[in-house]
There are 2 protein chains.
Amino acid sequence: MPERPPRRLQQRSVETREKLVEAALHEFAEKGFGGASTRAIATRAGVAQSAVPYHFETKDSLWKAAADHLFGLLRERFQARVVGLDGVGVRTKSRLLVRDFVLFAAAHPELHRFMLQEGTGRSERLEWLVEKHIRPTFEFLRGQMDELEADGAPAIGRPDHLHYVLIGAASTPYALAPEFELVTGEDPFAKEMVDAHVELILSLFFPEPRGERQ
Amino acid sequence: MPERPPRRLQQRSVETREKLVEAALHEFAEKGFGGASTRAIATRAGVAQSAVPYHFETKDSLWKAAADHLFGLLRERFQARVVGLDGVGVRTKSRLLVRDFVLFAAAHPELHRFMLQEGTGRSERLEWLVEKHIRPTFEFLRGQMDELEADGAPAIGRPDHLHYVLIGAASTPYALAPEFELVTGEDPFAKEMVDAHVELILSLFFPEPRGERQ
DNA sequence: GTCTATATTATGATAGAC
DNA sequence: GTCTATCATAATATAGAC
């Protein structure tokens with residue numbers, strides 16, 4: 001029998017786990033799995049290094065927890081959005097989803113950093129990530145593109161690499177923000193820069209005859 | 001006085017250095033600076049781990065040698081290309097340069113992997129990379145865009161993030177090839193996929209009235 | 001549940017044999 | 001010039017105090 005109320009103890013544990021996941025996300029995103037140390041993660045979270053194996057057994061499972069958290073945010077955002085857009089025209093819906101995707105990339109640069117770190121080499125982690133999180137996201141986008149095409153929009157490329165072209169174009173300024181800032185002297189996260197980026201992406205992927213505007 | 005001809009000895013040293021740089025390039029590109037170990041690099045190059053500090057003093061300077069090698073390839077390719085295109089119309093030249101850039105990204109996926117690994121977080125290495133290699137590349141592209149605009153082409157975005165949008169769109173399928181293959185089941189490096197990608201990028205960044213083709 | 005201390009392994013760099 | 005052996009340090013994971 002614990003002396004303190006179990007509720008409170010559990011609460012503390014949950015908070016530590018959350019702090020660790022959040023810290024891990026940023027460390028893994030910046031340095032990659034091998035480059036990030038559980039010490040640095042624990043320090044960033046403000047807890048002892050041994051809290052990592054205590055709460056997550058291994059570094060690997062902490063990494064998976066960070067990935068689950070990340071894609072949870074993404075799903076949350078887009079599921080609500082899709083529900084809210086029910087009944088809206090396909091083209092308008094697609095434009096708004098792409099806009100949302102850019103805004104999400106700007107708000108969560110860790111997402112693409114995290115994936116860039118894993119996608120450059122084969123590993124068990126990449127296979128896990130693809131099966132559990134990336135493929136469902138990919139299928140969702142593919143469905144959108146099929147709807148667009150069925151609606152009469154011209155296919156501007158194979159869904160396969162259009163997916164990666166869109167991701168690359170939309171997220172690179174945010175994923176590589178430190179480089180972007182050093183090279184251009186601009187802050188990619190500034191509101192006017194984000195707005196301009198949204199417009200650029202939309203004009204590239206949804207070209208329209210002059211004058212028309214949705 | 002060495003017993004063997006100095007020429008031959010030096011030759012061996014040069015070869016070992018080259019093997020190490022090549023191996024380092026791939027290891028750093030896949031795992032990042034912190035994730036790559038000098039042991040793995042040496043093993044990949046087929047030499048002893050101690051050959052790294054012998055030839056390059058530190059891991060850091062091996063990393064810089066790899067970066068110099070990488071951007072040397074890029075410069076070599078584009079300087080020759082620009083000379084060969086002297087006198088060609090601005091728009092045609094720009095299209096050909098973009099096409100070349102995509103082909104280079106497909107032929108050397110390590111280039112963007114290497115930069116993705118460093119561009120996601122602030123570090124002395126990133127500052128060095130920006131000043132020595134990235135900024136000159138950036139200025140070159142910016143010059144091309146200025147020429148295009150002076151020629152009457154509509155500006156499709158600020159050069160600042162258009163640069164990153166182009167890089168992201170052109171290179172992501174190759175930089176993330178392992179992920180691309182797992183998700184789509186396709187080989188992004190296959191000739192027909194590369195050709196399709198070139199066409200996709202050109203159609204996005206050089207939209208033209210139907211019927212016209214350069 | 002969290003911390004300090006520690007065991008074990010892996011890393012970057014050095015010394016000495018050949 | 002390159003390799004084997006080794007040192008010092010930093011890594012992950014475990015054990016025990018509180």
Side-chain angles (χ1 to χ4, degrees), chain A residues 1-28 30-66 117 121 123-125, chain B residues 1-28 30-67 117 123-125:
Chain A
M1 272 291 195
E3 291 184 20
R4 292 155 192 267
R7 177 73 186 285
R8 206 196 155 89
L9 283 176
Q10 193 190 344
Q11 184 61 22
R12 223 153 77 97
S13 178
V14 167
E15 280 168 13
T16 298
R17 282 182 66 97
E18 284 174 354
K19 281 190 294 186
L20 277 171
V21 165
E22 188 66 25
L25 194 49
H26 287 87
E27 289 290 320
F28 285 135
E30 282 183 25
K31 316 227 183 90
F33 183 81
S37 76
T38 57
R39 265 190 169 72
I41 292 169
T43 301
R44 185 167 193 151
V47 300
Q49 182 267 336
S50 57
V52 172
Y54 175 77
H55 285 283
F56 297 92
E57 294 284 304
T58 66
K59 183 185 181 182
D60 207 89
S61 106
L62 172 59
W63 180 87
K64 287 184 179 173
Q117 296 284 359
S123 68
E124 281 197 23
R125 286 189 305 280
Chain B
M1 272 291 194
E3 291 185 19
R4 291 155 193 266
R7 176 73 185 285
R8 207 197 152 89
L9 284 176
Q10 193 190 343
Q11 183 62 21
R12 232 163 59 108
S13 179
V14 167
E15 280 168 13
T16 299
R17 282 182 66 97
E18 285 175 353
K19 280 190 294 184
L20 277 172
V21 165
E22 188 66 26
L25 194 49
H26 286 87
E27 288 290 320
F28 285 135
E30 281 183 25
K31 314 227 184 90
F33 183 82
S37 77
T38 58
R39 269 188 166 75
I41 292 169
T43 301
R44 186 168 191 149
V47 300
Q49 181 267 337
S50 57
V52 172
Y54 175 78
H55 285 282
F56 297 92
E57 291 285 305
T58 66
K59 183 184 181 183
D60 206 90
S61 106
L62 172 58
W63 180 87
K64 287 183 179 173
Q117 296 286 358
S123 69
E124 281 198 23
R125 285 189 305 280

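Proteins come first, then strands; the chains are lettered A, B, ... in the order of their sequence lines, and each starts at number 1.
- You'll find that the side chain of Pro53(B) is closest to dT14(C), out of dT2(C), dC3(C), dT14(C).
- Nearest nucleotide to the His55(B) side chain, out of dC3(C), dA13(D), dT2(D): dT2(D).
- Across all strands shown, Ala36(B) has heavy atoms under 4.0 Å from sugar-phosphate atoms exclusively, and none from any base.
- Side-chain atoms of Lys31(A) do not come within 3.5 Å of backbone N or O of Ser37(A) as any donor-acceptor pair.
- Distance Leu20(A) CG to dA13(D) P: 13 Å, rounded to the nearest Å.
- For dA13(D), its base sits under 3.5 Å from the side chain of Gln49(A) at one donor and acceptor pair at least.
- Look at NZ on Lys59(B): it is 12 Å from C1' on dA10(C), rounded to the nearest Å.
- Under the 4.5 Å side-chain criterion, counting only non-hydrogen atoms from C-beta, Arg125(B) is in contact with Asp60(B).
- Among the protein residues, Thr16(B) comes within range of the sugar-phosphate backbone only, with heavy atoms under 4.0 Å from sugar or phosphate atoms but none that close to a base.
- If you check dG12(C), dC3(C), dT4(D) against the side chain of Ser50(A), the one that comes closest is dC3(C).
- Across the protein-nucleic acid pair, Phe56(B) atom CZ and dG1(D) atom P stand 13 Å apart, rounded to whole Å.
- Closest contact between the side chain of Ala51(B) and the listed nucleotides dA5(C), dG1(C), dC3(D) involves dC3(D).
- Among all heavy-atom pairs drawn from Ala36(A) and Lys59(A), the shortest one is O-NZ, 2.8 Å.
- When rounded to the nearest whole Å, the span between NZ of Lys31(A) and P of dA10(D) equals 14 Å.
- The residue Val52(A) sits apart from the nucleic acid: no heavy atom pair falls under 4.0 Å.
- Applying the 4.0 Å criterion to OP1 and OP2 of dT2(D), one finds that Tyr54(B) has every side-chain N and O outside that range.
- Across all strands shown, Ser37(A) has heavy atoms under 4.0 Å from sugar-phosphate atoms exclusively, and none from any base.
- Between Gly46(B) and Ala40(A), the residue anchored nearer the 5' end of DNA chain D, judged by the nucleotide with its closest heavy atom, is Gly46(B).
- Whole-Å rounding puts the Arg17(A) CZ to dT2(C) P distance at 11 Å.
- Between the CD atom of Glu57(A) and the C1' atom of dG1(C) there is a distance of 15 Å, rounded to whole Å.
- Using a 30° and 60° split on the angle between ring planes, Phe33(A) and Phe28(A) fall in the parallel class, below 30°.
- In this structure, the side chain of Thr38(B) does not engage the main chain of Gln49(B) through any donor-acceptor pair within 3.5 Å.
- Following rounding to the nearest Å, Gln11(A) (CD) and dT2(C) (P) show an atom-to-atom distance of 11 Å.
- dT2(D) atom C1' lies 10 Å from atom NZ of Lys19(B), rounded to whole Å.
- With dT2(C), dG1(D), dC3(C) as the choices, the nucleotide that has an atom nearest any side-chain atom of Val47(A) turns out to be dC3(C).
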